[in-house]
Amino acid sequence: MVNRQSFQSKKQQTLASLSTSIPNLFNDAQQKNAVLTKQAVALRKIQETCCLNHPFVIGQPLDLDEQGEAAFNQEFLRNVNKILLRRRREAHADNIVRFIATFLNYTQKQDDPASDRNKKNQAPPDDGHTDDQPSQDPSSTNEDQDDINHERQPSPAEPIPSQDDDPMDEDMPETMSSRFVRVLMTYILKGHTAKSQTVRLRCCQIIALSVSCLGELDEDLYQQLKMVLFERVRDKEPSVRIQAANALSKLEISDEEPDPFDQMNISQKLIHLLRTDSSAEVRRVVILNLELNPTTLPHLIERARDTDALNRRLVFSHALHEHLDDFRTIPVPDLYRLIKWGLNDRDPSVREAATRMITGPWINQAGNNLLEFLERMDVMDMVNMETSEKMLTTLLEKRKDSLSLKFEDEFWQNLTPESVFLARFYIKVLIENEMDDKLEVVLPELTRLAFYIQHYNQLWQQASHDSEAHYEFIVGQLFEIGKNLDYADEVGRRKMYETLKTLALIPDIPEEYLEHIADLLSLVAMDEPDYTRMIVDIIGDIQDAVEPDDTDFDGRNKRLRFDDDVVIKVEEGDEPDAAALSIMYGRLKCLTLCKFMLQRCELSLNNNTSIYGILNDMVIPAVQNSEALLREEGLHCLGLACHLDKSVGIHNVPMFIKCVQSGHDELKNKALMTLFDLISKYGYHAIAEKSPDVRSVFEYCLDHDNEKLQATTTEGLAKVMLSRQLKDDEMLKLLTVLYFFPTTMENGSVQQCLTYFFPAYCHSNAENQQSMARIAVSAIQELVDTYLDLQEDEKMIDPKRISEMMADWTDPRQLVVPEQQETNKGVQGPMALEVVQVLVTCNKNDDGK
Amino acid sequence: QLEPDEPQDNPFSIMSSQQETDLLSYFDTTLSKTWAGPEHWKLRRARRDIEKPEPSSTQDNTSVAETESPGGPGDAPEHTNKKKLQVDTAIDFLNGEEVREEDIFGKNKRTNITLTQQQMTRDPATLLLPDDQHFSSKQLLRYFLKPKITLLRPKKFLRSRQSDLDDL
DNA sequence: GATGTGTAGCTCGAGCGT
DNA sequence: ACGCTCGAGCTACACATC
């Protein structure tokens with residue numbers, strides 16, 4: 001046959017020129033702007049000519065020229081060899097890897113009758129990196145495809161097999177490309193144990209980009225591939241793991257067969273990498289490729305706290321951005337944790353990504369309706385209040401210009417938790433941005449607001465158990481809105497006062513509402529003495545209501561509601577004494593209100609005499625009360641009173657010290673706080689002069705096993721030392737040792753306070769720095785000793801790092817205000833000397849420096 | 001700059017200077033990257049950036065600038081050369097040297113190229129940030145018992161309405 | 001003695017800002 | 001798009017270990 005002969009001569013030519021034609025295609029393909037499909041098409045043509053005995057016809061039984069095929073394969077692999085030793089991220093080599101994938105994709109599709117019909121030749125997958133450029137222009141890809149189909153028109157002389165006569169065998173029919181895939185993959189898999197990390201890297205990279213281009217794989221080849229990846233994902237080199245993880249994530253996730261080595265299936269392995277791989281980039285690959293489902297979701301959310309900022313960002317900008325169909329699939333606690341992390345991240349780009357996620361797809365999911373969105377977010381749940389507030393503020397900041405709301409009487413009469421919440425923050429954002437014209441149509445008058453509060457309070461008091469929380473929430477939000485109003489109107493102020501007083505007298509008003517009331521009354525009052533009188537009056541009324549006749553009080557449902565963890569302990573068998581209980585709750589409520597008032601007072605006691613009465617009649621007795629809660633709240637009030645009068649303050653210091661020494665933990669903490677406040681206010685010496693015990697009290701609390709107490713002490717000392725009221729090398733050393741001490745590792749408050757304190761202390765002032773230099777060596781000696789006999793379960797920072805950090809603190813170049821040159825050398829010089837001395841005296845124990 | 005010793009009865013005059021606020025907000029920004037504590041602390045590259053400008057600024061702008069300038073003009077072409085040389089990673093598939101397969105697939109019997117199971121199981125917590133308490137100068141500038149009042153400017157929390165009227 | 005392990009310094013490139 | 005900067009990763013070297 002003529003055709004056959006011409007084909008044979010073409011084959012001879014092609015085979016003869018293989019060693020130039022294929023390299024030329026590779027040369028073209030490596031170029032930056034290469035349209036890889038073009039080279040793939042050309043290569044396929046060569047492949048057909050080499051491997052077949054006839055011109056290629058789709059669906060025709062394979063008539064293979066094994067020798068020609070071998071020649072083609074050999075030449076192809078010879079070229080592939082040249083990139084296997086090319087280092088990571090070399091653009092030309094990377095292009096060739098993409099070319100290989102493109103070719104595999106193309107040649108495989110050509111042999112597949114099913115996919116050939118609709119010939120939507122998908123571009124080969126990206127390599128999962130953030131750096132990948134879209135490798136191909138989709139339009140050009142399709143054009144090329146069309147060209148090919150024209151060229152592949154079977155010649156008229158050839159018998160044209162019917163297109164639909166060939167239902168696939170159960171075993172896939174062997175094709176030219178399937179044979180090629182097997183050869184190439186088998187070859188590439190050989191590289192997975194190569195000595196050179198680059199080879200392993202390149203092999204995994206080829207697999208990663210090619211897996212989805214391979215069509216149906218033989219089971220044994222697939223298994224082999226999977227096993228290789230299972231191993232490479234544990235490679236010593238992070239760069240190899242990155243590619244292996246990438247490849248693994250492209251395998252069918254539905255394959256749940258566990259690896260006999262560690263009993264983990266693909267999905268589990270990816271999650272394991274996501275959580276434990278030390279390389280941020282490996283984790284990143286998984287974040288970008290892991291399928292979102294109920295199993296993977298919590299682990300992806302966890303990555304919002306990844307140490308790597310880019311990874312954190314990708315959680316918001318990628319993993320949960322478009323791929324999450326409905327944010328309600330995230331359990332509410334996780335949802336709020338996620339938002340809290342995102343919006344409060346230290347890295348601005350993460351915050352930005354989190355904001356975009358919420359303002360974009362998430363709002364869209366709620367039909368772009370803010371109220372619907374808030375409803376879905378369940379904003380009424382007070383546990384997440386702070387985050388809800390932050391979120392709505394962020395949202396409205398973004399939309400403040402396009403949003404124009406108008407709140408009229410009808411709106412205020414028909415509030416829902418969501419609408420009042422929205423109103424509150426809309427107002428807040430408008431005020432912060434001084435958008436006065438928009439504010440005008442939004443803010444209610446003071447009198448009206450007082451009326452609304454009253455109205456919803458009535459509804460609250462009458463509400464059924466189901467709707468109680470609903471109205472309670474609305475009242476709380478109205479309080480907040482009230483803080484933004486103008487209080488010039490006399491009538492409005494009076495109305496507000498009456499309303500607030502009524503609310504204050506409600507027996508089970510929540511503690512935070514009492515604080516709102518204290519706040520709002522400060523706006524209602526003419527001046528501070530007026531304010532104090534108002535509150536004292538209300539306190540009197542509360543007392544009158546509780547104490548004189550206790551006939552209709554029932555301690556259980558009339559009690560003041562505090563945070564859940566505050567539980568008043570009733571001694572065994574005391575239950576019948578409900579009246580006594582209710583009296584106690586009443587007193588507690590008065591103290592709490594008094595506390596809120598004192599927090600807002602500035603005038604000295606002499607100028608605000610109405611406080612004296614309350615101090616003597618209520619606060620002092622409470623401090624001596626046997627009930628712990630009353631003692632605490634009384635002490636708190638007394639501490640606040642000490643703020644207002646120096647002599648009262650100084651006079652009471654011994655009492656506070658006593659409380660720290662022998663009170664219960666919560667009382668200790670309150671007393672300690674007061675002591676630090678008094679030092680801040682009146683100076684360390686004014687306190688220590690009369691009561692030298694303070695210093696030892698602080699030492700005692702630094703060592704205390706109550707974390708909160710430790711944190712208060714640390715923060716207090718940080719304040720006092722940063723303000724340079726207390727200059728005390730020994731105390732500084734205690735703080736330093738505490739900072740690195742194994743038992744403090746878990747105490748985040750102490751850690752983060754001191755992480756701020758030490759650099760700020762040392763770099764703000766040369767004298768401070770010298771103080772640190774003086775104690776550093778002995779501190780590290782102590783810490784090294786501690787390190788050497790760490791218990792099995794204890795963890796501690798490596799002494800080497802400790803010394804690095806101390807070196808950083810004592811580095812004179814880091815001083816914000818550079819000292820005159822004299823002191824510069826003098827800081828670390830003596831330290832070095834001291835180190836040498838220590839080393840000389842005991843040369844068996846040496847630190848890592 | 002800080003006053004070394006202030007009268008003890010009025011210690012917060014130290015803190016009330018504008019410079020003190022600046023200093024603390026300086027630390028608020030610089031320390032916001034290292035907040036996570038010693039476990040995530042890294043040794044910063046020596047602050048050469050701060051020392052670099054020094055030689056030019058501390059010296060007189062007459063002689064030194066002249067002596068260093070000869071190096072300047074020579075640098076510019078070097079940069080472009082470097083760039084061209086660096087980009088030269090193209091592979092010659094046609095005439096390039098053959099790569100020997102034993103170089104590629106050479107194995108190393110003794111070296112372990114995979115991590116042990118123990119190396120693979122690290123504590124996930126070490127790769128997560130601790131719960132951020134957002135410690136900043138704000139904490140240092142407030143009273144424990146009156147958190148809304150700053151130590152710096154003890155301004156009146158309650159504004160007297162009487163004085164508002166007076167202002168008009 | 002060879003090979004594995006840990007570190008210091010340098011280089012290059014990703015990612016950010018303009 | 002460009003250029004800069006900082007940081008990750010690579011190489012080379014020293015040391016330890018079998």
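A note on names: the letters A, B, ... follow the listed sequences, proteins ahead of strands, and every chain is numbered from 1. Given the structure is predicted, the values throughout are model-derived calculations rather than measurements.
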Student: Tell me the interatomic distance from B:K33, atom NZ, to D:dT5, atom C1', rounded to whole angstroms.
Tutor: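 Between C1' of D:dT5 and NZ of B:K33: 12 Å.
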Student: Which nucleotide wins on minimum distance to the side chain of A:R284, given the candidates C:dG15, C:dC16, D:dG9?
Tutor: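 Nearest to the side-chain atoms of A:R284, counting from C-beta on, is C:dG15.
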Student: When the aromatic ring centroids of A:F261 and A:F230 are compared, is their separation below 6.0 Å?
Tutor: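 Centroid separation for A:F261 and A:F230: 6.0 Å or greater.
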Student: Provide, to the nearest angstrom, the distance between the NE2 atom belonging to B:H40 and the P atom belonging to D:dA8.
Tutor: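 In whole Å, D:dA8 P lies 13 Å from B:H40 NE2.
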Student: Tabulate atom names and distances for all N/O pairs under 3.5 angstrom spanning the protein and nucleotides 11-18 of chain D.
Tutor:
none

Student: How long is the line joining CZ of A:R241 and C1' of D:dA8, in whole Å?
Tutor: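 Rounded to the whole Å, the gap is 14 Å.
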Student: Looking at C:dA14, D:dG9, C:dT5, which one has an atom nearest to any side-chain atom of A:R89?
Tutor: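 For A:R89, the side-chain atoms sit closest to C:dA14.
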Student: Hey, are A:D235 and A:R200 close enough for a salt bridge, meaning a charged N less than 4.0 Å from a carboxylate O?
Tutor: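 A:R200 and A:D235: salt-bridged.
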Student: Between A:V199 and A:L85, what is the shortest heavy-atom contact and its length?
Tutor: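 The pair with the smallest heavy-atom distance is CG2-CD2, 3.6 Å.
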Student: Kindly point out which of D:dC10, C:dA8, C:dA14 is positioned nearest to the side chain of A:K800?
Tutor: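 Minimum distance to the A:K800 side chain belongs to C:dA8.
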Student: Taking A:Q243 for the side chain and A:C203 for the main chain, is one N or O donor matched with an acceptor at less than 3.5 Å?
Tutor: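 Pair absent, no side-chain N/O of A:Q243 close to backbone of A:C203.
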Student: Distance alone, cut at 3.5 Å: any donor-acceptor contact between the side chains of A:T755 and A:Y739?
Tutor: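 Yes, because at least one side-chain N or O of A:T755 sits under 3.5 Å from a partner of the opposite role on A:Y739.
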Student: Using atom CD of A:E90 as one end and atom P of C:dA14 as the other, report the distance to the nearest whole Å.
Tutor: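 The distance from CD of A:E90 to P of C:dA14 comes to 12 Å, rounded to the nearest Å.
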Student: According to a strict under-4.0 Å criterion, is A:R313 in side-chain N/O contact with OP1 or OP2 of C:dC16?
Tutor: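 It does, given that an N or O in the side chain of A:R313 lies less than 4.0 Å from OP1 or OP2 of C:dC16.
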Student: Rounded to the Å, how far apart are B:L115 CG and C:dG4 C1'?
Tutor: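 Taking CG of B:L115 and C1' of C:dG4, I get 14 Å after rounding.
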Student: Can you tell me how far P of D:dG9 sits from CD of A:Q243, to the nearest Å?
Tutor: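 Roughly 13 Å, once rounded to whole Å.
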Student: Can you tell which of D:dC10, C:dA8, C:dG13 lies closest to the side chain of A:S239?
Tutor: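 Side chain of A:S239 sits closest to D:dC10.
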Student: Can you tell me the distance, in whole Å, between the NZ atom of A:K195 and the P atom of C:dG4?
Tutor: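 It is 10 Å, rounded to the nearest whole Å.
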Student: Could you tell me whether a side-chain N or O of A:E281 sits under 3.5 Å from a main-chain N or O of A:P238, the two making a donor and an acceptor?
Tutor: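 No, because the side chain of A:E281 does not come within donor-acceptor range (under 3.5 Å) of the backbone of A:P238.
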Student: Name the closest nucleotide to the B:K42 side chain, picking from D:dC10, D:dA8, C:dA14.
Tutor: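 Minimum distance to the B:K42 side chain belongs to D:dA8.
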Student: Checking contacts here: which listed nucleotide (C:dG15, D:dC10, C:dG13) is nearest the side-chain heavy atoms of A:E237?
Tutor: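 It is D:dC10.
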Student: To the nearest angstrom, how far is A:I242 atom CD1 from C:dG13 atom C1'?
Tutor: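 My rounded result for the distance is 14 Å.
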Student: Under a 4.5 Å cut-off applied to non-hydrogen side-chain atoms, are B:P130 and A:Q752 in contact?
Tutor: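 When only atoms from C-beta onward are counted, A:Q752 and B:P130 do touch, with a gap below 4.5 Å.
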